[in-house]
Amino acid sequence: MMMPDKLLFLPGALGRMDFWRPAAGLIRCPAQSIHIGWPGFGPTPAEPDVNGIEDLVARVVKQLDRPSALIAQSMGGVVAIRAALARPEHVTHLVLAATSGGLDVTGLGAQDWREVVRKDFPRLPDWFLNDRQDLTGQLSQLRMPSLLLWGDADAISPVLVGQKLAQHLPRADLHIFEGADHDLAYTHAAEVAALIDQHICATRT
């Protein structure tokens with residue numbers, strides 16, 4: 001497995017482009033870091049040609065012009081999975097934090113976050129709340145090493161979700177943070193950065 005030339009950081013549904021910066025600043029991998037924003041989410045202005053998850057995926061795929069690692073939080077993990085399925089030859093590694101990963105999480109104890117987000121953040125695009133595509137049957141196609149980061153106090157994406165995702169990704173390593181919640185990649189930046197460095201370097205050939 002080759003080393004990535006680029007590290008693409010994908011935020012969650014709130015579009016926080018600063019979310020990954022604490023960890024990104026500590027990662028030693030000599031690759032270009034790119035923080036991607038979602039048009040219409042958080043600080044990134046809306047764009048008329050972005051009207052669905054597939055448009056966000058297309059933005060990420062456009063960045064996959066050379067070997068890249070996708071490092072994603074929550075909803076960003078769904079985009080990362082779809083981008084990796086579309087361009088697997090350019091994705092060297094996946095790092096997924098507290099995400100459904102495109103799984104059907106029914107019965108896994110996940111809190112239904114959609115109505116809370118709709119109420120608290122009424123300006124967010126409505127279309128992403130209605131996206132429920134199940135990618136379970138396609139996950140076995142992703143042969144690149146995958147690092148899964150989960151907190152055992154996360155009500156939105158419980159550990160059971162991470163465990164199920166690990167079962168479907170052929171080369172997955174699940175790391176669980178005791179007492180951490182949905183924002184673990186931000187609150188535990190130093191530990192996360194060390195794991196990402198280890199993940200990328202340990203899978204080098």
Side-chain angles (χ1 to χ4, degrees), residues 8-15 19 36 38-41 50-64 68-119 121 124-176 181-185:
L8 302 180
F9 293 91
L10 314 183
L14 300 186
F19 182 87
I36 295 178
W38 308 133
F41 296 76
V50 176
N51 300 292
I53 290 286
E54 64 277 3
D55 297 318
L56 304 185
V57 174
R59 293 175 71 88
V60 175
V61 168
K62 188 176 180 179
Q63 289 282 350
L64 297 176
S68 304
L70 294 176
I71 303 173
Q73 153 74 7
S74 195
M75 186 196 80
V78 179
V79 178
I81 289 288
R82 294 189 186 186
L85 287 168
R87 194 67 66 84
E89 69 276 13
H90 286 320
V91 179
T92 64
H93 302 77
L94 285 172
V95 178
L96 305 173
T99 179
S100 73
L103 292 174
D104 179 0
V105 299
T106 304
L108 298 178
Q111 182 183 79
D112 188 354
W113 51 269
R114 288 177 171 82
E115 290 308 314
V116 174
V117 169
R118 192 191 306 270
K119 178 181 177 181
F121 302 95
L124 290 180
D126 190 63
W127 45 258
F128 91 93
L129 293 170
N130 299 320
D131 182 78
R132 297 176 184 269
Q133 183 179 359
D134 185 359
L135 302 174
T136 304
Q138 301 177 58
L139 294 177
S140 63
Q141 301 173 30
L142 300 178
R143 308 296 303 181
M144 67 286 294
S146 301
L147 174 62
L148 310 182
L149 305 173
W150 249 259
D152 67 3
D154 187 353
I156 296 175
S157 186
V159 168
L160 280 176
V161 177
Q163 291 171 336
K164 184 175 180 181
L165 194 57
Q167 292 172 4
H168 288 281
L169 290 169
R171 300 179 65 188
D173 179 23
L174 173 62
H175 187 92
I176 300 171
D181 61 19
H182 201 60
D183 289 342
L184 70 92

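Basis for what follows: all heavy atoms, side chains included, without hydrogens, waters or symmetry-related copies. Note that this is a predicted model, so its numbers are computed, not measured.
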To the closest 0.5 Å, what do you measure between [atom1] ([X]) and [atom2] ([Y])?
X: L184; Y: H175; atom1: CG; atom2: NE2; value: 9.0 Å
X: L135; Y: S100; atom1: CG; atom2: OG; value: 8.0 Å
X: L94; Y: S68; atom1: CG; atom2: OG; value: 11.5 Å
X: L103; Y: L160; atom1: CG; atom2: CG; value: 11.5 Å
X: E89; Y: M144; atom1: CD; atom2: CE; value: 9.0 Å
X: R87; Y: L70; atom1: CZ; atom2: CG; value: 11.5 Å

Quiz item: What are the two closest heavy atoms between L96 and G77, and how far apart are they?
Solution: CD2-CA, 4.0 Å

Self-check item: Shortest non-hydrogen contact from H90 toward L64
Solution: CD2-O, 3.1 Å

Exercise. May I ask you to check whether F41 and W127 place their ring centres under 6.0 Å from each other?
Key: yes

Quiz item: Does D154 reach the side chain of V161, with side-chain heavy atoms less than 4.5 Å apart?
Solution: no

Quiz item: Does the side chain of Q73 come within less than 4.5 Å of L10's, by heavy atoms?
Solution: no

Self-check item: Contacts of type side chain to side chain contact (heavy atoms under 4.5 Å, CB included), residue S74, not counting sequence neighbours
Solution: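 Once residues adjacent in sequence are excluded, the partners of S74 under the side chain to side chain contact (heavy atoms under 4.5 Å, CB included) criterion are H182.
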
Self-check item: Donor-acceptor pair, side chain of W150 and main chain of P158, under 3.5 angstrom
Solution: yes

